[in-house]
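Below is one structure, written out as structure tokens, with a few remarks after it.
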Amino acid sequence: MIVDPFGHPNEDSIYVDGSEYSNYSFFNAIKVINQPSAFEVHFYDVLPSGIDGSNGIARSQIAEGNNIMFFHDANLFLKGQIEKISYDSDGNVIANGKGMETLLLRRITGRREYASTGTNVIIAELASSGLNGAAPWIVDTGLNPNFGNYVTRTEGDNRLSPIQSLSNEADFEWRIRQSGATYGADIIDIGSQLGSSTTQRTFYTGGADQNAFKLDKEQNNELLVNRVVVFGYGDGVNQISGLASDSTSITDNGIYEKAFYDPLVTNSGFAGSMANRILLDIANTPHYPRIEIRDIDFNIGIGDVVTVIDSGTNILGSTYRISQLERSFSFQDGEKLIVGITNT
């Protein structure tokens, strides 16, 4: 039975441009707080000649640029766009892509300067196609309060990059969500803490009520920064800049670099000090305690508050926020839901 209009009871399902495809042997879809989401799917029986009997899929139906949605039950877990396709002569196709954050990632800002401008105005302009805070929109704006006035500049960045930088500086969270009967509207929300404010679920990693397994902490290199460059006033060879590096992290992990722009910085020494301060704030690799959920039918979201009870560790009846969600399926392991948590 299909749940109207999408999904199956107690099952995962995948839709590409609105049509369901069950010919997959593996998928992994991951969402991380304040980061672009991503996915990978392995389809089979994808044939260049089109549909073969009742099971085949035409290759044109699984194509770069197509929208894809992942559901569990009737709940949308992730909507994204296919960005890369690789296939073989046996009809096996691997599709990779990002969530709908990609709409902002593939549009650029040009060179723009904001002088003491509210975050709500900056967000609205970056979300609009004409950079004017008005329709037509790349993504619609939903929750968008003002977190204060900031001075910032863009230098041909993608539209998401300044939003991420501003979220670090102004200490807010952002997300892309969907709305509408067919989830056609993509909306950016800004808030001090997105998700629930009270516990949505309690997870037990041991005992008679066990409904989860505790996993090792995971290093998330997508969030790792071990070299910071601050660019100040000027351009080209005359531009003021400062650099700070974590040599130990670079030796262990390689270079993960991030740039910050502040045209009000006119001294290289101050730029270096600013880079050091930023690095102290963000250089440590995030480590998420993770739990694997036995009952994958839990409908929980990024930012929600949960309680974890584990008598074998220091996690004992504590409340945490969900910082990472990962749904996956394979013929070998079946369906999985892994939850990354951080302190509330």
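For the atom pair CG (L78) and CD1 (I68), the distance works out to 8.5 Å, reported to the nearest 0.5 Å. The structure places CD of E11 at 8.5 Å from NE2 of H72, a figure rounded to the nearest 0.5 Å. We find the CD-OG1 distance between E125 and T141 to be 12.0 Å, quoted to the nearest 0.5 Å. The distance from the CG atom of L103 to the OG atom of S129 is 11.0 Å, given to the nearest 0.5 Å. The CD1 atom of I163 sits 6.0 Å away from atom CD1 of I190, with the distance rounded to the nearest 0.5 Å. Taking OG of S196 as the start and CD1 of I300 as the end, the distance is 9.5 Å to the nearest 0.5 Å.
For the residue pair E326 and N28, a side-chain donor N or O sits within less than 3.5 Å of a side-chain acceptor on the partner. For the residue pair Q178 / D186, a side-chain donor-acceptor distance below 3.5 Å is found, with atom types taken as modelled. A donor-acceptor contact closer than 3.5 angstrom is absent between the side chains of S19 and Q61.
In this structure, T152 and S165 have side chains that are not in contact, with every pair of non-hydrogen atoms separated by 4.5 Å or more. Side chains of I94 and E40 form a contact here, defined as non-hydrogen atoms less than 4.5 Å apart. Under the 4.5 Å side-chain criterion, counting only non-hydrogen atoms from C-beta, F6 is not in contact with E20. Counting heavy atoms from C-beta on, the side chains of W174 and L160 come closer than 4.5 Å. Two residues are said to be in side-chain contact when any heavy atoms from C-beta on lie closer than 4.5 Å; Q200 and T198 meet this criterion. Inter-residue side-chain proximity for I82 and F39 is flagged as met; some heavy-atom pair is nearer than 4.5 Å. Residues Y24 and I62 form no side-chain contact, since every pair of their non-hydrogen atoms from C-beta on lies 4.5 Å or further apart. In this structure, the side chains of T202 and I309 come closer than 4.5 Å at one or more pairs of heavy atoms.
Cluster annotation: F231 and F260 are assigned to distinct hydrophobic clusters (Ile/Leu/Val/Met/Phe/Trp/Tyr, side-chain heavy-atom contacts under 4.5 Å, transitive). Both Y44 and Y87 are assigned to one and the same hydrophobic cluster, defined by single-linkage of ILVMFWY side chains at heavy-atom distances under 4.5 Å. Placement of Y150 and F172 within a single hydrophobic cluster is found when ILVMFWY residues are connected by side-chain heavy-atom separations under 4.5 Å, directly or transitively. I240 and M274 fall within a single hydrophobic cluster, where Ile, Leu, Val, Met, Phe, Trp and Tyr are joined by side-chain heavy atoms under 4.5 Å apart, directly or via other members. Hydrophobic clustering (side-chain heavy atoms under 4.5 Å, transitive across Ile, Leu, Val, Met, Phe, Trp, Tyr) keeps I187 apart from M69.
Residue N158 comes nearest to S161 through the heavy atom pair OD1-N, 2.7 Å, listed as atom of the first residue, atom of the second, then distance. Taking all atoms of both residues into account, the shortest heavy-atom contact from F77 to A29 is CE2-O, 3.4 Å. Counting all heavy atoms, side chain and backbone alike, S268 lies closest to S241 at CB-O, 3.7 Å. The minimum heavy-atom distance between G7 and S13, with the atom names listed, is CA-OG, 3.6 Å. Minimum interatomic distance between N66 and S60 (heavy atoms only, all atoms of both residues): ND2-O, 3.9 Å. In this structure, E101 and P36 approach most closely via the heavy-atom pair CD-CA, 3.8 Å.
Distance alone, capped at 3.5 Å, places no donor-acceptor pair between the T117 side chain and the I122 backbone. Counting only distance, with no hydrogens or angles, the side chain of D333 and the backbone of S330 share no donor-acceptor pair below 3.5 Å. Side chain of S167 to main chain of Q164: a donor-acceptor pair is present (N/O by atom type, distance under 3.5 Å, no hydrogens or angles). T109 places a side-chain N or O within donor-acceptor distance of the main-chain N or O of D157, the cut-off being under 3.5 Å. Checked by atom type and distance alone, the side chain of D17 pairs as donor or acceptor with a backbone atom of N67 at under 3.5 Å. Side chain of Y320 to main chain of G340: no donor-acceptor pair is present (N/O by atom type, distance under 3.5 Å, no hydrogens or angles). A donor-acceptor contact shorter than 3.5 Å links the side chain of T154 to the backbone of G110. Looking only at distances, no side-chain donor or acceptor of Q81 sits under 3.5 Å from a matching main-chain atom of G99. Here the side chain of N226 pairs a donor or acceptor atom with the backbone of Y256 at under 3.5 angstrom. In this structure a side-chain-to-backbone donor-acceptor pair under 3.5 Å is missing from R107 to L126.
Around the OH atom of Y261, the shell of radius 6.0 Å holds more than 12 heavy atoms that belong to other residues, nucleotides or ligands. Summarising the local packing, OH of Y233 is surrounded by 12 or fewer heavy atoms from other residues, nucleotides or ligands at distances under 6.0 Å. Residue D171 qualifies as open at atom CG: its count of foreign heavy atoms under 6.0 Å is 12 or below.
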Checklist entry - N299 and D73: side-chain contact (heavy atoms from CB on, under 4.5 Å), yes or no, with the steps? => result CA-CA 9 Å; N299 183 27; D73 200 56; over 6 Å; no
Next on the checklist: The test is side-chain contact (heavy atoms from CB on, under 4.5 Å); show your working for N168 and K258 and say whether it passes.
Outcome noted: CA-CA 12 Å; N168 290 329; K258 191 168 185 177; 3.2 Å; yes
Next on the checklist: Between D12 and F27, does the side-chain contact (heavy atoms from CB on, under 4.5 Å) criterion hold? Intermediate values first, please.
Outcome noted: CA-CA 10 Å; D12 291 320; F27 80 80; 3.7 Å; yes
Checklist entry - Would L325 and L337 satisfy side-chain contact (heavy atoms from CB on, under 4.5 Å), going step by step from the backbone distance to the final call? => result CA-CA 7 Å; L325 282 171; L337 173 60; 4.2 Å; yes
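With R175 as the partner, the side-chain contact (heavy atoms from CB on, under 4.5 Å) test is satisfied by one option alone out of L194, I188, N34: L194. The only member of L105, V139, I176 that meets side-chain contact (heavy atoms from CB on, under 4.5 Å) when paired with M100 is I176. Of the listed residues (Y21, F70, F329, F26), just one forms a side-chain contact (heavy atoms from CB on, under 4.5 Å) with V41, and that residue is F70.
A salt bridge is defined here as a Lys NZ or Arg NE, NH1 or NH2 lying under 4.0 Å from an Asp or Glu carboxylate O, and R153 with E155 meets this definition. Using a cutoff of 4.0 Å between basic side-chain nitrogens and carboxylate oxygens, E173 and R321 are scored as salt-bridged.
The aromatic ring centres of Y183 and F71 sit less than 6.0 Å apart.
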